[in-house]
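In listed order, ligands and their atoms are each counted from 1. Reckoned from all heavy atoms, side chains included, excluding hydrogens, waters and symmetry mates.
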Amino acid sequence: MDKLIINGGKRLGGEISVHGSKNAVLPIMAASLLIKGETVLHNVPNLSDVSASIDILEYLGAKVKREGGNLIINAAEIINNDIPESMMLEMRSSIIFLGSLLARCRQAYMCRPGGCDIGIRPIDLHLEALSALGAMVEERGSCISCIARELRGARLVLSFPSVGATENAIIAATLAKGKTTIINAAREPEICDLADFLNSCGARITGAGEGVIEIDGVDMLHPTQHGIIPDRVLAATYMSAAALNSNELVIKNIIPSHLAPVIPVYMKMGCRLYLNDDELKLVAPKRIKHIKHIKTLPYPGFPTDCQALAAAVLIKARGTSVISEGVFENRFNYAAELNRLGADISVYGRTAIIYGVKRLCGAKLRCTDLRGGAAMVIAALAAEGESTVTQLNHIDRGYEAIEESLASVGADIKRINDEKKECKKKEI
Ligand code: UD1
């Protein structure tokens, strides 16, 4: 098993670049099933979730080629309409194949998806949306079957602006007969990227990024090329690393408007931010200021994915901060690990109280989930002495070689493989 060894206390500085968005590329890869031809995606990050999606596409019969940051998917022929359980359990986003398989094959069989353990994560809104579009949905245990002789446009009202349910609905409605209206749709930038991708193939989607999305169904889509938007959560990860560990850091390849919900929070922490077209410079304060209250909400609220990343900074703030989680039920598992570094976080249900401390000390940490794991890395960079971070499978789902990018701006961080070390010992 891989682990990260971090020697904290080094100042970060220089320039760091943001790769393509995980949460944008995954639904777009699922949507590529709708095109009976080639899809070329640019700015595709090399993540384990992307590999898991490639495995699903290949199982379904698509031909997939990776060339650096480009991904070429040819879904001219689809040979399966089911997804094996082992593939579904790899990540949450596998559920988006439900809408795309249904639209392409009129039948889809799969089990409930896996993903980070941050709450109950039901899929009722996904299934309600597909059934409103004409699918016959059956659940037996964790197995789901979805069959539709024909998909028909409908008026969908989401009781919560779920990102995944909005994506499934958009994808299935793209090839449905007639007009679909999604009310209380998710407004995240990744929804806009999905709509832009589908529109570039001939879909007719308007309103993405707003609460009401309209889709005029079309008979077929044509091949296209599309560049994936930069990963706003990765940008926030670097902002947190810089706020806690640098004098100043330039973060390149961003879309500043996508960071609008997080920028004011870092300014309240005392950071100075200088924004350009596609980059920002963060100048960190001598000591971070506390924040009275952050509440995570659907976009354009403060993103739940950035909650742990903000907490990693606030643990060293002057004063006490409060974070309430408004999206998932159980997203503070990382807090106990940060406390091992000397942080002082108390969790009461969906609220964390963070008492700022002056010093952190290196410790052995285990990633609990993707963003919690990234928060541990950031905090360990600010801890005196050596820390180790294990269970990197969580981090690798969303960060492309996190140790290399952080080392390139001065962090003392390296990845080692325990098994290899063990083998070497035995050889000697
Ligand atoms: C996506 C993101 C994830 C992010 C989340 C919220 C991807 C791959 N993942 O996850 O990183 O944290 O949006 O911004 O894009 N819900 C239901 N029923 C449903 C679906 C969701 O009750 O059918 C609830 C969930 O339990 C949760 C809330 O809605 O409490 C938000 O979930 P949702 O927006 O669907 O998140 P994901 O699409 O899973």
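- Heavy atoms of Q307 come nearer than 4.0 angstrom to ligand 1 in no pair at all.
- Under 4.0 angstrom from ligand 1, the non-hydrogen atoms of T304 all belong to its side chain.
- Close approach of ligand 1 to H126 is summarised as follows: ligand atoms under 4.0 Å from at least one heavy atom of the residue are 20 (C), 23 (O).
- Contacts between M91 and ligand 1 below 4.0 angstrom, taking non-hydrogen atoms only, are absent altogether.
- Those atoms of ligand 1 that come under 4.0 Å of a heavy atom in G164, given as number and element, are 35 (O), 38 (O).
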Report the C-alpha distance between H226 and T39 in whole Å, list the side-chain angles of each, state the deciding distance to 0.1 Å, and finish with yes or no for side-chain hydrogen bond (donor to acceptor under 3.5 Å, both in side chains). CA-CA 8 Å; H226 178 81; T39 296; over 6 Å; no
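- Polar contact check, L125 against ligand 1: a nitrogen or oxygen pair lies under 3.5 Å apart.
- Side-chain contact between L198 and I170 is present, with at least one heavy-atom pair separated by less than 4.5 Å.
- Salt-bridge annotation for R415 and E403: present, with a side-chain N of the basic residue lying under 4.0 Å from a carboxylate O of the acidic one.
- For R66, the CZ atom counts as densely surrounded, since its 6.0 Å shell holds more than 12 non-hydrogen atoms of other residues, nucleotides or ligands.
- Within the 4.5 Å cutoff, no side-chain heavy atoms of V64 are placed close to those of M29.
- Ionic pairing of E214 and K179 is present here: one or more N-O contacts between side-chain nitrogen and carboxylate oxygen are shorter than 4.0 angstrom.
- Closest to atom 37 (P) of ligand 1 among all protein heavy atoms lies R121 NH2, 4.0 Å.
- No more than 12 heavy atoms of other residues, nucleotides or ligands shown are found within 6.0 angstrom of CD on E77.
- Surrounding CD of E138 are at most 12 heavy atoms belonging to other residues, nucleotides or ligands under 6.0 Å away.
- Protein heavy atom nearest atom 35 (O) of ligand 1, with residue, atom name and distance: S162 OG, 2.6 Å.
- Taking a cutoff of 4.0 Å between a charged side-chain nitrogen and a carboxylate oxygen, E90 and R397 do not qualify as a salt bridge.
- At least one side-chain heavy atom of L370 sits less than 4.5 Å from a side-chain heavy atom of Y399.
- In this structure, the protein non-hydrogen atom closest to atom 36 (O) of ligand 1 is F328 CZ, 3.8 Å.
- Each of the atoms 12 (O) of ligand 1 lies under 4.0 Å from some heavy atom of R331.
- The closest non-hydrogen atom to atom 20 (C) of ligand 1, taken over A24, S93, A129, P122, comes from P122.
- Contact between R92 and ligand 1 is present, with at least one heavy atom of the residue lying under 4.0 Å from the ligand.
- Residue P161 has no N or O atom closer than 3.5 Å to an N or O atom of ligand 1.
- Scanning the protein heavy atoms around atom 2 (C) of ligand 1, the nearest turns out to be N23 ND2, 3.5 Å.
- Both the backbone and the side chain of V327 come within 4.0 Å of ligand 1, counting heavy atoms alone.
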Could you walk me through whether D305 and K22 pass the salt bridge (Lys or Arg N to Asp or Glu O under 4.0 Å) check? CA-CA 12 Å; D305 286 350; K22 168 181 96 69; over 6 Å; no
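- Scanning the protein for heavy atoms near atom 1 (C) of ligand 1, the closest one is V163 CB, 3.9 Å.
- Here the heavy atom of the protein found nearest to atom 29 (O) of ligand 1 is F160 CD2, 3.5 Å.
- Residue E128 does not touch ligand 1, judged by heavy-atom distances below 4.0 Å.
- Nearest protein neighbour of atom 18 (N) of ligand 1, counting heavy atoms only, is D124 OD1, 2.7 Å.
- Using a 4.0 Å cut-off between heavy atoms, D305 contacts ligand 1 through its side chain alone, with no backbone atom that close.
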Starting from the C-alpha separation in whole Å, work towards a yes-or-no answer on side chain to side chain contact (heavy atoms under 4.5 Å, CB included) for I291 and M269. CA-CA 7 Å; I291 299 208; M269 288 175 185; 3.8 Å; yes
